[in-house]
Amino acid sequence: RDLERHYELGGETVRALDGVSFDIERGEFVAIIGPSGSGKSTLMNLLGALDRPTTGEIRFRGRDVATFDEDELADLRNRRIGFVFQSFHLLTRMTAADNVALPLVYRGVPRRERRERAEAALDAVGLGDHMHHRPNELSGGQQQRVAIARALVGEPEMLLADEPTGNLDTATGEDVMDLLDALHEQRGTALVVITHDTYVAGKAARTIQLRDGEIVPTGPGPLAPTAP
């Protein structure tokens, strides 16, 4: 509600977000779209509890996130929200299975259970036969699938995907979006995709368009996908 995020830059105040309000419902697929500098990344950081607004309020399941202490914020990020990034952020010395299991380590899940859940998550994204491969042995699309499996292994309530196709070729990007859409449908996880790509945004049930830190009024429903 009424989110604002200001930064001081060169003696001037930059209003990265300026009075943004919206709801995301349980199980909803929403795309947040806008050009570079529109405030998308700032908004993602706020939605993921990675940053705090200058003013305004973020409520998760009815509770103001500003009231969370550091342990509760860490728990929110580890248990309730899954993250998929443009650059994958996989640990190069670890296998796919170990990368996927990593969030469960911080929860104190026993080793055997971690392995079983990581293998199930990799199976779900079509990489059950690649669990012992390291990132440099995988294609870009496969690395992003590992990142998706890692985000989903903890069974989050909301999945935040920041430009998930940004480092992929068109065909691979389409495959990744189809996978995210299918997993969203199967699991009922709320899916929020941050993108500048109208084709990607057109996959969502609802689109929030940002420009200069503000929401641009649009008609109901998704954007019509343009040809990739």
What pair of heavy atoms forms the shortest contact from [X] to [Y], and how long is it?
X: A49; Y: L73; value: CB-CD2, 4.0 Å
X: G82; Y: P156; value: N-CB, 3.5 Å
X: P164; Y: V84; value: CB-CG1, 4.4 Å
X: P53; Y: R5; value: CA-CD, 4.0 Å
X: V100; Y: A121; value: CG1-CB, 4.0 Å
X: G56; Y: L3; value: C-CD2, 4.2 Å

Any side-chain to backbone donor/acceptor pair from [X] onto [Y]? Under 3.5 Å, distance only.
X: R80; Y: D75; value: no
X: E119; Y: M131; value: no
X: N45; Y: L50; value: no
X: R150; Y: F88; value: yes
X: R114; Y: V109; value: yes
X: T195; Y: I33; value: no
X: N167; Y: Q86; value: yes
X: Q144; Y: G141; value: no
X: E113; Y: P110; value: no
X: R107; Y: N78; value: yes

For the [atom1] atom on [X], are there more than 12 heavy atoms of other groups (residues, nucleotides or ligands in this structure) within a distance under 6.0 Å?
X: Y7; atom1: OH; value: yes
X: D178; atom1: CG; value: yes
X: R59; atom1: CZ; value: yes
X: E12; atom1: CD; value: no

Which residues share a side-chain hydrogen bond (donor to acceptor under 3.5 Å, both in side chains) with D23, sequence neighbours left out: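 Expected list: R1.
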Counterpart residues, side-chain hydrogen bond (donor to acceptor under 3.5 Å, both in side chains), relative to S38 (two or more places apart):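 Here no residue qualifies.
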Rounded to the nearest 0.5 Å, what's the gap from [atom1] on [X] to [atom2] on [Y]? Could you check?
X: Q143; Y: L127; atom1: CD; atom2: CG; result: 10.5 Å
X: L104; Y: R117; atom1: CG; atom2: CZ; result: 5.0 Å
X: H132; Y: E137; atom1: NE2; atom2: CD; result: 11.5 Å
X: N136; Y: T92; atom1: CG; atom2: OG1; result: 7.5 Å
X: R15; Y: E4; atom1: CZ; atom2: CD; result: 4.5 Å
X: L160; Y: I24; atom1: CG; atom2: CD1; result: 7.5 Å

Trace of the side chain to side chain contact (heavy atoms under 4.5 Å, CB included) decision for L43 with K40: CA-CA 5 Å; L43 181 55; K40 301 190 307 299; 5.8 Å; no
Linking I/L/V/M/F/W/Y whenever their side-chain heavy atoms sit closer than 4.5 Å, directly or via other members, would [X] and [Y] fall into one cluster?
X: I194; Y: V20; answer: yes
X: V192; Y: L17; answer: yes
X: V125; Y: L159; answer: yes
X: I58; Y: F68; answer: yes
X: L180; Y: Y199; answer: no

Under 3.5 Å side-chain donor-acceptor pair for T189 and E157: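 No donor-acceptor contact under 3.5 Å links the two side chains.
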Donor-acceptor side-chain pairing of D169 and T172 below 3.5 angstrom: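 Short answer, yes.
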Charged tip of R77 within 45° of F83 ring normal and under 6.0 Å: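 Not flagged: R77 not positioned over aromatic ring of F83.
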Check against side chain to side chain contact (heavy atoms under 4.5 Å, CB included), T67 and E72: CA-CA 9 Å; T67 67; E72 289 173 315; 6.0 Å; no
